[in-house]
Visitor: 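Sharing a structure with you now.
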Amino acid sequence: MGRLDGRVIIVTGGGQGIGRAFALGFAKEGAKVAIADINGPAAESVAAEIGEAGGEVLAVVADVSSEESTKAMAATVVGHWGRIDGLMNNAAMFQRPQITDGPIEEIPVEEWDRVMAVNLKGPFLCCRAVIGQMKEQMYGKIVNISSGTVFSGRSILHYVSSKGGVTAFTRVLAKQTGDWNITVNSIAPGLTASDPERDQSAYEGRVSARSIPRVQEPDDLVGTGVFLLSSESDFMSGQTMVVDGGAVMH
Ligand SMILES: NC(=O)c1ccc[n+]([C@@H]2O[C@H](COP(=O)([O-])OP(=O)(O)OC[C@H]3O[C@@H](n4cnc5c(N)ncnc54)[C@H](O)[C@@H]3O)[C@@H](O)[C@H]2O)c1
C-alpha cells in the first residue's frame with residue numbers, strides 16, 4: 001500500500017529537476033499525478049515515464065504566472081479525476097533560464113517582475129485555482145517550495161526575496177484554510193543538483209557546509225514531499241521544513 005494511494009496531486013514544474021523527482025516519487029506512492037509545466041514536451045516525457053511504470057498520470061501545459069492558465073489547469077484535473085487532494089507548488093525561475101546573480105543595480109527591473117510573477121504570484125494563483133475544490137472536499141494539502149537561501153541570506157536577490165514571500169504566504173494561507181482541513185506547508189531545499197548541464201562544481205562547493213557532507217540530489221526532497229501530502233501531516237500547517245543535509249538550522 002502506498003502512502004499517497006488514490007490521491008490526486010498536481011505538481012507544477014514537474015517536467016524536469018526536482019519537480020520530476022516529486023512526480024515520479026508521488027506516483028510510486030500510489031498518487032494520480034498531474035504534471036503541470038510551461039514546457040509541454042517535458043511534462044509529456046515525465047508522464048510517459050510514469051505511465052510506462054503503470055501509474056495514473058496527466059500532463060497539463062500551464063503557465064503558473066497566468067490566472068487563466070492556472071484556472072484551466074485546475075479545471076482539467078477536476079474534469080479528469082473529479083477532485084484535487086494535493087498541490088505541490090514547485091515551478092519557479094531559478095537556474096533555467098539563468099537569472100542575474102549580482103548587485104542590486106545590475107538586476108533588470110523586468111527580470112525582478114518576471115521572477116516575482118512566476119515564483120510568488122505563481123503559487124498564489126495555483127492555490128487560488130484549487131482552493132474552492134479543496135474547500136468543497138473539506139480536505140486538501142498544499143506544499144510550497146521555498147528555499148534554504150531565505151535562512152542563509154545567500155544570493156540571488158530577487159530569487160531569495162520571492163522565496164521569502166513564499167514562506168510568509170505559506171503561514172498566512174495556513175491560518176486562512178484550517179477550518180476546511182486544508183494544510184499549507186513549505187519545503188526549503190538546499191542547493192540541489194537538478195541541472196545536469198550546470199557546472200557540477202557549484203553543487204560540490206556546498207558539501208562542506210552540510211552536516212551530511214554530500215551533494216544534494218532531487219530525490220532527497222521526495223520523502224518530505226510525500227509526508228506533507230499524505231495524511232501523516234494532517235495536524236501540521238504553516239510550517240517550513242528545511243531539507244539541506246543540515247546546513248542552515250532554524
Ligand atoms: N535546484 C536547487 O538548488 C533549488 C534550491 C532551493 C529551491 N529550489 C526550488 O525548487 C523548485 C524546483 O527547482 P529546480 O532546480 O528543479 O528547477 P528547474 O529549473 O530545473 O525546473 C523548473 C521547472 O518549472 C517549469 N516552469 C518554469 N516556469 C514555469 C511557469 N511559468 N509555469 C509552469 N512551469 C514553469 C520549468 O519548465 C521546469 O520544468 C523551484 O521552486 C526552485 O526555486 C531549487
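Only a predicted model underlies this, so the values are computations on that prediction, with no experimental measurement involved. Remember, it's 1-based here, ligands and their atoms both numbered in the order they're listed.
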Visitor: Check whether any heavy atom of Met93 sits under 4.0 Å from an atom of ligand 1.
Guide: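 Flag not set, Met93 not near ligand 1.
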Visitor: For Gly17, take its heavy atoms, then give the atoms of ligand 1 lying under 4.0 Å from any of them.
Guide: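 It comes down to these atoms of ligand 1: 16 (O).
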Visitor: Pick, from Leu221, Val46, Asp37, the option with the minimum heavy-atom distance to atom 36 (C) of ligand 1.
Guide: Asp37
Visitor: Testing the 3.5 Å rule here: is there a donor-acceptor pair between the side chains of Ser233 and Lys141?
Guide: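 Their side chains do contain a donor-acceptor pair, which is all the 3.5 Å distance test asks for.
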Visitor: Could you tell me if any non-hydrogen atom of Ala62 lies under 4.0 Å from any atom of ligand 1?
Guide: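 Heavy atoms of Ala62 do come under 4.0 Å of ligand 1.
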Visitor: Tell me whether ligand 1 is touched by Gly148 - counting only heavy atoms on the residue side and a distance under 4.0 Å.
Guide: no
Visitor: Between Tyr139 and Asp234, is there a side-chain donor-acceptor contact under 3.5 Å, judged purely by atom types and distance?
Guide: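 Yes.
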Visitor: Within a strict 4.5 Å, meaning less than it, do heavy atoms of the Leu87 and Thr12 side chains meet?
Guide: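 Yes, side chains in contact.
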Visitor: So, is the end of the Arg198 side chain (NZ or CZ) under 6.0 Å from the ring centre of Tyr203 and within 45° of the ring's axis?
Guide: yes
Visitor: Would you please classify the geometry between the Phe169 ring and the Phe124 ring as parallel, tilted or perpendicular, with 30° and 60° separating the classes?
Guide: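 Ring orientation, 0 to 90° scale: perpendicular.
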Visitor: Taking only heavy atoms of Gly13 into account, list the atoms of ligand 1 that are under 4.0 Å away from them.
Guide: 23 (C), 24 (O), 25 (C), 39 (O)
Visitor: Any idea which atoms of ligand 1 are less than 4.0 Å away from a heavy-atom of Gln16?
Guide: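 With Gln16 as reference, the close atoms of ligand 1 come out as 18 (P), 19 (O), 20 (O), 21 (O), 38 (C), 39 (O).
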Visitor: Flag yes if more than 12 heavy atoms outside Arg210 fall under 6.0 Å of its CZ atom; otherwise flag no.
Guide: yes
Visitor: Considering only heavy atoms from C-beta outward, does the side chain of Leu228 approach that of Met236 to under 4.5 Å?
Guide: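 Heavy-atom side-chain distance check passes, below 4.5 Å.
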Visitor: Give the residue, atom name and distance (to 0.1 Å) of the protein heavy atom nearest atom 4 (C) of ligand 1.
Guide: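 Looking at atom 4 (C) of ligand 1, the protein heavy atom closest to it is Phe94 CE2, 3.7 Å.
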Visitor: Does a donor on one side chain sit under 3.5 Å from an acceptor on the other, for Ser65 and Arg114?
Guide: yes
Visitor: Would Asp195 count as a contact residue for ligand 1, given that I'm defining contact as a non-hydrogen atom of the residue lying under 4.0 Å from a ligand atom?
Guide: no
Visitor: Under a 4.5 Å cut-off applied to non-hydrogen side-chain atoms, are Met241 and Asn185 in contact?
Guide: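 Result no, sub-4.5 Å side-chain heavy-atom pair not found.
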Visitor: With a 4.0 Å cut-off on heavy atoms, does Lys163 reach ligand 1?
Guide: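 Per 4.0 Å heavy-atom rule, Lys163 contacts ligand 1.
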Visitor: Please tell me if the side chains of Asp220 and Thr192 come closer than 4.5 Å, counting only heavy atoms from C-beta onward.
Guide: no
Visitor: Yes or no on side chain to side chain contact (heavy atoms under 4.5 Å, CB included) for Ser186 and Lys163, after CA distance, side-chain angles and deciding distance?
Guide: CA-CA 10 Å; Ser186 167; Lys163 293 297 185 179; over 6 Å; no
Visitor: In this structure, does ligand 1 have an atom that sits under 4.0 Å from one of the heavy atoms of Tyr159?
Guide: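 Tyr159: in contact with ligand 1 (<4.0 Å).
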Visitor: Atom 10 (O) of ligand 1: which protein heavy atom is closest, and how many Å away?
Guide: Ile145 CG2, 3.4 Å
Visitor: Less than 3.5 Å apart, any donor N or O on the side chain of Thr167 or Ser146 sitting next to an acceptor on the other?
Guide: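 There is such a pair between these side chains.
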Visitor: Less than 4.0 Å is my threshold; does some heavy atom of Gly190 fall inside it relative to ligand 1?
Guide: yes
Visitor: For ligand 1, which atoms, with element, lie under 4.0 Å from some heavy atom of Ser146?
Guide: 7 (C)
Visitor: Report yes if some N/O of Asn39 lies less than 3.5 Å from some N/O of ligand 1; otherwise report no.
Guide: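 In this structure, Asn39 places no N or O atom under 3.5 Å from an N or O of ligand 1.
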Visitor: Ignoring hydrogens, tell whether any protein atom lies closer than 4.0 Å to atom 15 (O) of ligand 1; use the non-hydrogen atoms only.
Guide: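 There is a protein heavy atom less than 4.0 Å from atom 15 (O) of ligand 1.
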Visitor: Go through it in stages, so that I can follow the logic: the residues are Val166 and Ile145, the test is side chain to side chain contact (heavy atoms under 4.5 Å, CB included), and I'd like the CA-CA distance, side-chain angles, deciding distance and then a yes or no.
Guide: CA-CA 7 Å; Val166 167; Ile145 300 300; over 6 Å; no
Visitor: Looking only at protein heavy atoms, which one is nearest to atom 17 (O) of ligand 1, and what is the separation?
Guide: Ser194 OG, 4.5 Å
Visitor: Quick one: look up the protein heavy atom nearest atom 22 (C) of ligand 1 and list residue, atom name and how far away it is.
Guide: Ala92 O, 4.0 Å
Visitor: What protein heavy atom sits nearest atom 20 (O) of ligand 1, and how far away is it?
Guide: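 So the nearest neighbour among protein heavy atoms is Arg96 NH2, 2.5 Å.
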Visitor: Could you identify the single nearest non-hydrogen protein atom to atom 6 (C) of ligand 1 and state the distance to 0.1 Å?
Guide: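 Residue, atom and distance for the closest contact: Pro189 O, 3.3 Å.
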Visitor: Just to confirm my output: which protein heavy-atom neighbour is closest to atom 13 (O) of ligand 1, and how far is it?
Guide: Ile18 CD1, 3.8 Å
Visitor: When only distance counts, is Ile38 in polar contact with ligand 1, meaning an N/O pair under 3.5 Å?
Guide: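 Yes; the residue has a nitrogen or oxygen that sits under 3.5 Å from a nitrogen or oxygen of the ligand.
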Visitor: Determine, step by step, whether Lys135 and Ile182 satisfy the side chain to side chain contact (heavy atoms under 4.5 Å, CB included) criterion, reporting the C-alpha distance in whole Å, the side-chain angles of both residues, the deciding distance to 0.1 Å, and the verdict.
Guide: CA-CA 8 Å; Lys135 282 184 174 178; Ile182 298 168; 4.0 Å; yes
Visitor: Could you walk me through whether Met73 and Ile10 satisfy the side chain to side chain contact (heavy atoms under 4.5 Å, CB included) test, starting with their C-alpha distance in whole Å, then the side-chain angles of each, then the deciding distance to 0.1 Å, before giving a yes or no?
Guide: CA-CA 9 Å; Met73 168 191 81; Ile10 300 175; 4.1 Å; yes
Visitor: Does ligand 1 have any atom that is closer than 4.0 Å to a heavy atom of Asp63?
Guide: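 Judged by the 4.0 Å heavy-atom criterion, Asp63 does count as contacting ligand 1.
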Visitor: Has ligand 1 got any nitrogen or oxygen that is less than 3.5 angstrom from a nitrogen or oxygen of Val64?
Guide: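 It does: an N or O of Val64 is found under 3.5 Å from an N or O of ligand 1.
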Visitor: For atom 28 (N) of ligand 1, grab the closest protein heavy atom and report residue, atom and distance to one decimal in Å.
Guide: Val118 CG1, 3.9 Å
Visitor: Between Thr192, Asn90, Asn89, flag the one that comes closest to atom 40 (C) of ligand 1 by a heavy atom.
Guide: Asn90
